[in-house]
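Structure record follows, encoded as structure tokens.
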Amino acid sequence: MIYFDNVSKTYPDGTMALDGVTFAIKEGEFVSIVGHSGAGKTTLTKLLLGEEQATNGTVSIDSIDIKKIKKKDMPELRRRIGIIFQDFRLLPNKTAYENVAFAMEVAGKPDTDIASDVPHVLELVDLTKKMWNFPRQLSGGELQRVAIARAIINHPDVIVADEPTGNLDPVNTYEIIQILKKINDLGTTVILTTHNKGVVESLGKRVITMDHGRVTRDDPTGKYAL
Ligand code: ADP
């Protein structure tokens, strides 16, 4: 379980990005986090990844306070959380296959596992035919599918998708959301930040609405109320 307990975050310049945020996300949930630009969505994801620390309150995952995780144990936390960004962040000089394989290499997985798992996960995101293409040879939707494959290859407990469809047209947006749903159906918790009203409403899943660093609404059935 992910638990934000009365979390506030003030950046060094005095900006209060989060102000008393409390919510819990259970294993296997699919939660969308919506809010205008500057509402604090990215800050939430950074706290969860241990990239920033809460000024007050506690962020925990399975009862482990993220603030108390030692630096040497951070890679272990990062492996439990797969992340997908709006701008894909793939390595331009590696093929789709190599981008995904690299995440396994960094995690110290043996070559035999890499050779069997990478094609399997690329099949899951329907990219078998393009696995030897470089990023410049792929469309936006395909790039995001590679990024999803890379995010799930080491079997994280949670996928954080930060505006993953922000650069995509409606058809590709639909495909990416379907893939995230499939991953969630296979048991992975999904946390999606998005501006896309249609996405949130079509999901019909829990929606947390943020405004000026606060949770203003927590709706179990997918109402988008901005
Ligand atoms: P969102 O993802 O919803 O757009 P953010 O979490 O990025 O919101 O930002 C929340 C607030 O914190 C904004 O006012 C933003 O300008 C501010 N902010 C974000 N990162 C920093 C930072 N590193 N230093 C100072 N202020 C920041």
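Atoms within each ligand, like the ligands themselves, are counted from 1 in listed order. Everything numeric here is computed off the predicted structure, so don't read it as measured data.
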Which segment of [X] sits under 4.0 Å of ligand 1 when only heavy atoms are counted:
| X | result |
| --- | --- |
| His36 | backbone |
| Asp13 | side chain |
| Thr43 | both |

Does atom 16 (O) of ligand 1 have any protein heavy atom closer than 4.0 Å?
no
Short N-O contact, [X] and [Y], less than 4.0 angstrom:
| X | Y | answer |
| --- | --- | --- |
| Lys41 | Asp162 | no |
| Asp62 | Arg80 | yes |
| Arg217 | Asp219 | yes |

Please state which protein non-hydrogen atom is closest to [atom] and give its distance, to 0.1 Å?
| atom | result |
| --- | --- |
| atom 18 (N) of ligand 1 | Tyr11 CE1, 3.4 Å |
| atom 14 (O) of ligand 1 | Thr15 CG2, 3.7 Å |
| atom 7 (O) of ligand 1 | Thr42 CB, 3.6 Å |

Straight-line distance of [X] [atom1] to [Y] [atom2], nearest 0.5 Å:
| X | Y | atom1 | atom2 | result |
| --- | --- | --- | --- | --- |
| Phe30 | Ile191 | CZ | CD1 | 10.5 Å |
| Lys46 | Ile83 | NZ | CD1 | 10.0 Å |
| Ile25 | Arg206 | CD1 | CZ | 5.5 Å |
| Glu51 | Arg78 | CD | CZ | 5.0 Å |

Among Gly35, Gly38, Gly40, Gly14, the residue with a heavy atom nearest to atom 4 (O) of ligand 1 is Gly38
May I ask which of Ala17, Pro12, Ala39 has a heavy atom nearer to atom 12 (O) of ligand 1 than the others do?
Ala17
Is ligand 1 less than 4.0 angstrom away from at least one heavy atom of Ser37?
yes
